[in-house]
Amino acid sequence: MVKRGEIYYDLRYEYPLGNITDKLIIILNKIHLPSQDIIAVSATTPKSSHKYNPGCNHRSVIFYIEANKDFFTNNTCVQLFILNSGKTITEKIFQERLDAKIIVPKGILKSETITRLIKCVTDLKFDVPEFLHPYLF
């Protein structure tokens with residue numbers, strides 16, 4: 001069973017538009033039950049030309065984590081704009097990918113980072129499809 005703030009390495013992460021790449025992903029479900037889909041967003045190192053404030057960046061719809069402040073050794077953008085697509089992964093598929101080592105557990109965010117991340121998601125609530133709200137809020 002996954003927990004909010006857990007970080008996984010997904011060797012075949014699929015973006016909403018269909019492109020597939022390897023990405024670190026962060027679980028956002030508030031409480032996960034085996035019958036629920038899993039909501040995860042990708043984390044990426046930003047291009048050096050972009051400057052972000054630590055934490056919530058409403059305009060770009062990302063949550064910025066500075067290098068070595070938590071799990072990540074590089075500056076990291078948590079791509080919250082992906083929530084807009086409403087894309088989830090079923091528990092069955094997630095478990096199959098775990099068993100096949102396509103998704104590998106890596107760590108978990110600090111509780112204070114999780115709290116700030118979820119506050120950011122809450123601030124962006126109107127950009128998140130309503131059917132995802134019970135999973136997140």
Side-chain angles (χ1 to χ4, degrees):
M1 185 157 49
V2 299
K3 292 184 179 153
R4 178 177 270 177
E6 285 183 335
I7 302 163
Y8 291 84
Y9 186 62
D10 188 342
L11 294 166
R12 297 197 37 80
Y13 179 78
E14 185 176 351
Y15 277 98
L17 295 177
N19 48 325
I20 296 174
T21 188
D22 58 322
K23 281 284 174 198
L24 287 168
I25 59 172
I26 300 172
I27 305 299
L28 294 182
N29 295 62
K30 68 177 176 184
I31 298 171
H32 178 69
L33 303 172
S35 60
Q36 289 181 334
D37 286 357
I38 294 169
I39 301 170
V41 290
S42 60
T44 192
T45 303
K47 293 179 175 70
S48 59
S49 61
H50 283 94
K51 300 293 180 219
Y52 297 102
N53 295 318
C56 201
N57 288 259
H58 294 88
R59 184 171 285 179
S60 51
V61 194
I62 63 109
F63 184 83
Y64 184 72
I65 302 172
E66 293 177 293
N68 301 310
K69 297 285 183 180
D70 203 311
F71 171 84
F72 302 100
T73 55
N74 295 321
N75 290 333
T76 300
C77 289
V78 180
Q79 299 178 312
L80 298 178
F81 58 83
I82 289 173
L83 291 172
N84 300 354
S85 72
K87 188 175 180 328
T88 63
I89 185 168
T90 66
E91 170 71 24
K92 182 178 185 264
I93 290 172
F94 192 87
Q95 190 59 52
E96 287 170 358
R97 296 173 105 203
L98 269 175
D99 294 344
K101 303 218 182 321
I102 295 169
I103 294 177
V104 181
K106 287 295 183 181
I108 189 164
L109 294 172
K110 295 176 183 175
S111 60
E112 55 268 21
T113 304
I114 296 168
T115 299
R116 290 176 47 235
L117 173 60
I118 296 306
K119 182 183 180 325
C120 185
V121 172
T122 302
D123 289 349
L124 301 166
K125 186 175 189 172
F126 296 109
D127 294 326
V128 177
E130 202 168 313
F131 77 91
L132 294 180
H133 290 189
Y135 299 107
L136 297 169
F137 311 114

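- Residues Thr76 and Ala43 share a closest heavy-atom pair of CG2-CB, 3.6 Å.
- Here the closest non-hydrogen pair linking Asn29 and Ile39 is OD1-N, 2.7 Å.
- Between His50 and Tyr52, the ring planes are parallel. Angles under 30° get that label, and only those over 60° would be called perpendicular.
- Considering Ile89, Ile20, Ile25 as possible partners of Tyr13, the one that fulfils the side chain to side chain contact (heavy atoms under 4.5 Å, CB included) test is Ile25.
- Taken to the nearest 0.5 Å, the OG1 atom of Thr45 stands 8.0 Å off from the CG atom of Asn75.
- In this structure, Arg97 and Arg12 approach most closely via the heavy-atom pair NH2-O, 2.7 Å.
- When each of Ile7, Thr113, Ile108, Leu80 is paired with Ile26, the side chain to side chain contact (heavy atoms under 4.5 Å, CB included) condition holds for Ile7 and for no other.
- Contact of the Leu24 side chain with the Phe71 side chain is registered, since non-hydrogen atoms from C-beta on lie closer than 4.5 Å.
- Using a 4.5 Å cut-off on side-chain heavy atoms (C-beta onward), Asp10 and Ile102 make contact.
- Residues satisfying the salt bridge (Lys or Arg N to Asp or Glu O under 4.0 Å) test with Arg4, not counting sequence neighbours, are none.
- Scanning for side chain to side chain contact (heavy atoms under 4.5 Å, CB included) contacts around Thr115 gives an empty result, with sequence neighbours left out.
- Nearest heavy atom pair, residue Ile31 against residue Gln36, reads O-OE1, 2.8 Å.
- Nearest approach of Leu109 to Ile114, heavy atoms of both residues: O-CD1, 3.5 Å.
- For Lys106, the NZ atom counts as loosely surrounded, since its 6.0 Å shell holds 12 or fewer non-hydrogen atoms of other residues, nucleotides or ligands.
- Within the 4.5 Å cutoff, the side chain of Tyr15 has no heavy atoms near those of the Ser85 side chain.
- Following chains of ILVMFWY side-chain contacts shorter than 4.5 Å, one can reach Val41 starting from Ile93, so the two form part of one hydrophobic cluster.
- For Lys119, the salt bridge (Lys or Arg N to Asp or Glu O under 4.0 Å) partners are Asp123, not counting sequence neighbours.
- Within the 4.5 Å cutoff, side-chain heavy atoms of Leu117 are placed close to those of Leu28.
- By the 4.5 Å heavy-atom criterion applied to side chains, Lys3 and Ile27 are not counted as neighbours.
- Other residues, nucleotides and ligands contribute over 12 non-hydrogen atoms within 6.0 Å of the NZ atom of Lys110.
- Under the 3.5 Å distance criterion, with hydrogens and angles disregarded, no donor-acceptor pair is assigned to the side chains of Asn53 and Tyr64.
- Shown here are the disulfide (SG to SG under 2.5 Å) partners of Cys77, two or more places apart in sequence or in another chain: there are none.
- Interatomic distance, Thr73 OG1 to Asn68 CG, rounded to the nearest 0.5 Å: 6.0 Å.
- Residues forming a salt bridge (Lys or Arg N to Asp or Glu O under 4.0 Å) with Glu96 (at least two apart in sequence, or on another chain): Lys92.
- Between Pro54 and Arg116 the shortest heavy-atom distance is C-NH2, 4.0 Å.
- Of the inter-residue distances, the one linking Phe63 atom CZ with Gln79 atom CD reads 14.0 Å to the nearest 0.5 angstrom.
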*Please test Val121 against Leu83 for side-chain contact (heavy atoms from CB on, under 4.5 Å), starting from the C-alpha separation and ending with a verdict.*
CA-CA 9 Å; Val121 172; Leu83 291 172; 4.0 Å; yes

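- When side chains are defined from C-beta on, Leu98 counts as touching Tyr8, because their heavy atoms get closer than 4.5 Å.
- The structure places CG of Asp70 at 9.5 Å from OG of Ser111, a figure rounded to the nearest 0.5 Å.
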Please tabulate, for the side chains in residues 127-137, all donor-acceptor contacts under 3.5 angstrom to protein atoms that are two or more places apart in sequence or on a different chain.
residue: His133; atom: NE2; partner: Lys125; partner atom: O; Å: 3.3
residue: His133; atom: NE2; partner: Val128; partner atom: O; Å: 3.1

